Every structure is written in C-alpha cells, then in structure tokens.
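Computation of the quantities below employed the complete heavy-atom set of this structure, encompassing side-chain atoms and omitting hydrogens, waters and symmetry-equivalent molecules. Quantities reported herein were computed from a predicted structural model and do not represent experimental measurements. Note that ligands are numbered from 1 as they come in the structure, with each ligand's atoms numbered from 1 the same way.
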Amino acid sequence: MEGNSINWYPGHMAKARRMLEDNLKLIDVVIELVDARAPQASRNPDFDTLFTGKSRVLLLNKSDLADPASNKRWIGYYKRQGIEAAEIVSSAQNAKTTAIRLIERATADKVKRFEEKGMQKTVRALIAGIPNVGKSTLINRIAGSVRAQTGDKPGVTKGKQWVKITPHLELLDSPGLLWPKLGDVRLSEHLAFLGSINDEILNLEELSEHLLSTLRQLTPDALFERYKKLDAETPEGGLLSAVAKSRGFILKGGVYDTERAARIVLDEFRAGRIARVTLEQPPKEEDNAEAE
Ligand SMILES: Nc1nc2c(ncn2[C@@H]2O[C@H](COP(=O)(O)OP(=O)(O)OP(=O)(O)O)[C@@H](O)[C@H]2O)c(=O)[nH]1
Ligand SMILES: [Mg+2]
C-alpha cells in the first residue's frame with residue numbers, strides 16, 4: 001500500500017463517529033465485530049476511548065473463512081485478557097442464538113436492577129466494527145428478515161438504523177468505522193486484503209501480488225491447487241502473472257492480463273475460495289513465555 005498518502009478515512013466516517021457519540025448514552029452493550037482472518041488489524045483502536053465504561057462483547061466474525069485452530073487460539077487469548085469473546089458466522093443460522101446469549105449475559109445485571117424496581121428494561125445493543133465485517137448481516141440474522149442492507153464491499157451502511165427485535169431488544173446498525181491515521185503498514189494491508197478499505201483508492205495489482213506472496217507463505221498447497229501455474233519456484237513479483245497464465249487471461253500481443261487477475265485473486269480470497277486462512281496470530285503472552 002502507498003503509505004500514508006491514501007485517503008482511507010473518508011468524511012462520512014467522521015460523521016458516523018459523531019453519530020455514535022451522540023447515541024452512546026442509549027447504548028447498554030457494544031457488540032464489536034472483527035474479521036477472524038485478521039483479528040488484530042480489524043479491531044478499531046479508537047473503540048477503547050469511544051466506548052469507555054460500556055459493557056462490551058467481541059465477536060470473531062467470518063470464522064468460517066479463517067483457520068479453525070487460529071480461531072480457537074484467538075478466543076483463548078481474549079479470555080486470558082479478560083475480554084468476553086466468541087467466534088461467529090453472521091450469515092449462519094445459529095448466529096442468532098450465539099449473539100442473543102452474549103447480549104443477555106452482558107446486560108443481565110442491568111436488566112435485574114430494573115426488574116427489582118418492577119420495570120422491564122429495553123436492551124439496546126450497538127453493532128460496531130470496521131467496514132465490511134458483517135455487522136448488517138448479523139442484524140438481519142438476529143431479526144430473522146432483511147432489515148439492513150448488506151453487500152460485499154465496504155461502506156454499504158451509510159447512517160444509523162435502529163432495528164427492533166422484540167419489544168425489549170433493539171439493535172443499532174452503524175456504518176463501518178476506521179480510524180483517522182493509518183498505522184502499521186502490514187496491518188493496513190490486511191484490511192485491504194479483506195475488502196474493508198475502498199478498492200478505488202488502492203493499487204489492486206500491487207495489493208494482489210502482496211496477497212499472493214502472503215498466501216504462499218501461509219497456505220502454499222491450497223494456493224498452488226487453485227492456480228496451477230503458480231508454485232514454489234515462481235519468482236516474487238511474478239505471482240500475479242502466474243495467476244493470469246493459470247486462468248488464460250492473455251491480452252492481444254500475448255501480454256498477461258494482470259489487472260483482471262488481480263481482481264479475481266482478491267474476490268476469491270475474500271469469498272474464502274482459496275483457503276481458510278488467518279493472517280495474524282495472537283501476540284505472545286509474557287506469563288506463558290516465562291512458564292516455558
Ligand atoms: N463467509 C461469510 N461471509 C459473511 C459473514 N458475515 C457477512 N458476510 C458477508 O460479508 C459481506 C459484508 O457484510 P455486511 O453485513 O454488509 O457488512 P457490514 O459490516 O455491515 O459492512 P458496512 O455496512 O459496509 O460497514 C457480505 O457480502 C456478507 O454476505 C460470515 O460470517 N461469513
Ligand atoms: Mg452494514
């Protein structure tokens with residue numbers, strides 16, 4: 001990625017952040033979705049300050065696209081950090097049960113305090129996270145019908161939207177939020193791989209070449225299986241051409257159509273068609289290291 005020069009924090013996100021601040025007092029619990037393929041990169045660091053004092057739950061979403069052992073490792077890591085977390089597949093049937101159970105657990109004390117005063121609390125949960133992690137999909141799944149718009153690109157949800165689930169449970173859908181300053185380049189690139197940054201501001205061929213290089217390290221067999229002309233000997237910088245060759249994407253004059261290949265690689269990775277793969281592992285924990 002081209003360092004800090006890209007405009008990855010468009011104006012609508014600043015507006016969305018203000019919307020969240022204005023509605024915060026209504027919120028009983030914040031459900032934060034991260035992408036299980038990049039749990040570190042896809043956690044918005046601003047949320048700690050934005051949601052100070054709020055009850056919070058972390059959901060490792062799209063866990064169907066990530067490596068199952070890595071999902072377990074991340075959940076174990078969060079548990080040890082005292083973070084309430086679970087893996088989920090927003091698009092799957094059982095997402096509703098998992099999400100409701102977590103919301104109920106996180107708000108049980110508050111609901112009980114109301115009951116003691118003879119009142120029934122209406123629980124309001126905010127569904128938050130970076131763009132394209134599956135927030136609106138989860139809301140639709142919990143509602144049992146299409147109430148919020150979804151799509152395979154970032155920035156689908158534009159404004160706030162309350163969705164009433166029962167007379168005593170309401171969910172607030174919110175636009176995907178990034179943070180103003182691009183940090184670690186490797187992590188930002190992971191967000192671009194996932195499709196959480198607008199592709200129009202990215203150099204897709206460079207991005208796709210990097211993605212192929214990353215996948216060759218993490219899951220070579222699946223990659224070579226998918227793109228038959230790509231192997232361990234393909235030189236760095238020539239990976240995208242090898243994909244174009246595999247798919248017969250050849251332009252007039254025998255030039256490889258790397259632009260088309262780049263699109264295909266990104267689409268196939270994002271849809272989980274190359275492999276179940278996790279790009280980041282939990283940080284090493286001090287206590288464990290000492291125990292060894
Ligand atoms: N495989 C898989 N795909 C999912 C899952 N959850 C969501 N998706 C897909 O991911 C894409 C993004 O989903 P959305 O629900 O629109 O994401 P969002 O977080 O609301 O995105 P913005 O509104 O743009 O911030 C869609 O194509 C969904 O079908 C999941 O758990 N697994
Ligand atoms: Mg949305």
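- For ligand 1, the polar-atom distance check finds an N/O of G151 within less than 3.5 Å of one of the ligand's N/O atoms.
- No hydrogens or angles considered: nothing links the side chains of S196 and N132 as a donor-acceptor pair under 3.5 Å.
- Remark: ligand 1 atoms within the under-4.0 Å shell around heavy atoms of P154 are 24 (O).
- Among all heavy-atom pairs drawn from Y78 and P39, the shortest one is OH-CB, 3.3 Å.
- In this structure, R56 does not pair ionically with E84, as no charged nitrogen and carboxylate oxygen lie closer than 4.0 Å.
- Here atom 4 (C) of ligand 1 lies nearest to K62 when heavy atoms of K62, E87, M13 are compared.
- Short contacts between ligand 1 and D152, defined as distances under 4.0 Å to a heavy atom of the residue, involve ligand atoms 27 (O).
- Side chains of S70 and Q281: a donor-acceptor N/O pair is present below 3.5 angstrom, by distance only.
- Checking T137 against N140 by side-chain atom types alone, no donor-acceptor pair falls below 3.5 Å.
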TODO: Evaluate salt bridge (Lys or Arg N to Asp or Glu O under 4.0 Å) for E280 paired with R186, printing each intermediate quantity in order.
DONE: CA-CA 10 Å; E280 301 154 5; R186 188 183 72 96; 5.4 Å; no

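- Atoms of ligand 1 lying under 4.0 Å from at least one heavy atom of P131, given by number and element, are 25 (O).
- With respect to K153 and E200, no salt bridge is recorded, no charged nitrogen being found less than 4.0 Å from a carboxylate O.
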Open item on the list: Go through it in stages, so that I can follow the logic: the residues are K121 and E115, the test is salt bridge (Lys or Arg N to Asp or Glu O under 4.0 Å), and I'd like the CA-CA distance, side-chain angles, deciding distance and then a yes or no.
Closed with: CA-CA 8 Å; K121 166 96 187 98; E115 274 170 3; over 6 Å; no

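- Taking a cut-off of under 4.0 Å to the non-hydrogen atoms of G176, the atoms of ligand 1 that pass are 25 (O).
- Protein heavy atom in closest approach to atom 15 (O) of ligand 1: T137 OG1, 2.5 Å.
- Across all non-hydrogen atoms, the minimal contact from G155 to P131 is N-CB, 4.1 Å.
- Polar contact check, S63 against ligand 1: no nitrogen or oxygen pair lies under 3.5 Å apart.
- In L65, the part holding a heavy atom less than 4.0 Å from any atom of ligand 1 is the side chain.
- Side-chain atoms of T107 and D28 form no donor-acceptor pair, as typed in the model, at a separation below 3.5 Å.
- Scanning the protein heavy atoms around atom 21 (O) of ligand 1, the nearest turns out to be N132 N, 3.1 Å.
- Nearest protein heavy-atom neighbour of atom 25 (O) of ligand 1: K135 NZ, 2.8 Å.
- With sequence neighbours left out, the side chain to side chain contact (heavy atoms under 4.5 Å, CB included) criterion links L65 to R37, K62.
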TODO: Determine, step by step, whether D267 and R263 satisfy the salt bridge (Lys or Arg N to Asp or Glu O under 4.0 Å) criterion, reporting the C-alpha distance in whole Å, the side-chain angles of both residues, the deciding distance to 0.1 Å, and the verdict.
DONE: CA-CA 6 Å; D267 285 351; R263 235 337 347 141; 3.3 Å; yes

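- Cation-pi contact between K117 and F114: present, with separation from the ring centre below 6.0 Å and deviation from the ring axis of at most 45°.
- Backbone and side-chain nitrogen or oxygen atoms of T150 are examined, and none is located within less than 3.5 angstrom of a nitrogen or oxygen of ligand 1.
- Protein heavy atom in closest approach to atom 17 (O) of ligand 1: G134 N, 3.1 Å.
- Close approach of ligand 1 to V89 (heavy-atom distance below 4.0 Å) involves ligand atoms 30 (C), 31 (O), 32 (N).
- Residue, atom and distance of the protein heavy atom nearest to atom 31 (O) of ligand 1 are S90 N, 2.9 Å.
- The shortest non-hydrogen separation linking I130 to L191 is CD1-CD2, 3.5 Å.
- Put simply, no part of K158 is less than 4.0 Å from ligand 1, judged by heavy atoms.
- For ligand 1, the polar-atom distance check finds an N/O of N61 within less than 3.5 Å of one of the ligand's N/O atoms.
- A donor atom on one side chain and an acceptor atom on the other are found under 3.5 Å apart for E236 and S213.
- The shortest heavy-atom distance from S91 to ligand 1 is under 4.0 Å.
- If you check each of P175, A148, S136 against atom 20 (O) of ligand 1, the one with the closest non-hydrogen atom is S136.
- Between D173 and ligand 1, not a single N/O pair is under 3.5 Å apart.
- Each of the following atoms of ligand 1 lies closer than 4.0 Å to a heavy atom of G155: 24 (O).
- Those atoms of ligand 1 that come under 4.0 Å of a heavy atom in K153, given as number and element, are 24 (O).
- Transitive grouping of hydrophobic side chains (ILVMFWY, heavy atoms separated by less than 4.5 Å) brings F193 and L178 into a common cluster.
- For V156, a nitrogen or oxygen atom sits less than 3.5 Å from a nitrogen or oxygen atom of ligand 1, counting backbone and side chain alike.
- With salt bridges taken as basic N to acidic carboxylate O contacts below 4.0 Å, one links R17 and D46.
- Of all protein atoms, those of element N, O or S that lie under 2.8 Å from the Mg ion (ligand 2) number 2.
- Proximity of D64 to ligand 1, defined as any heavy-atom pair under 4.0 Å, is confined to the side chain (atoms from C-beta onward).
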Open item on the list: Apply salt bridge (Lys or Arg N to Asp or Glu O under 4.0 Å) to residues K245 and D257 and explain how you reach the verdict.
Closed with: CA-CA 9 Å; K245 195 172 171 188; D257 189 350; over 6 Å; no

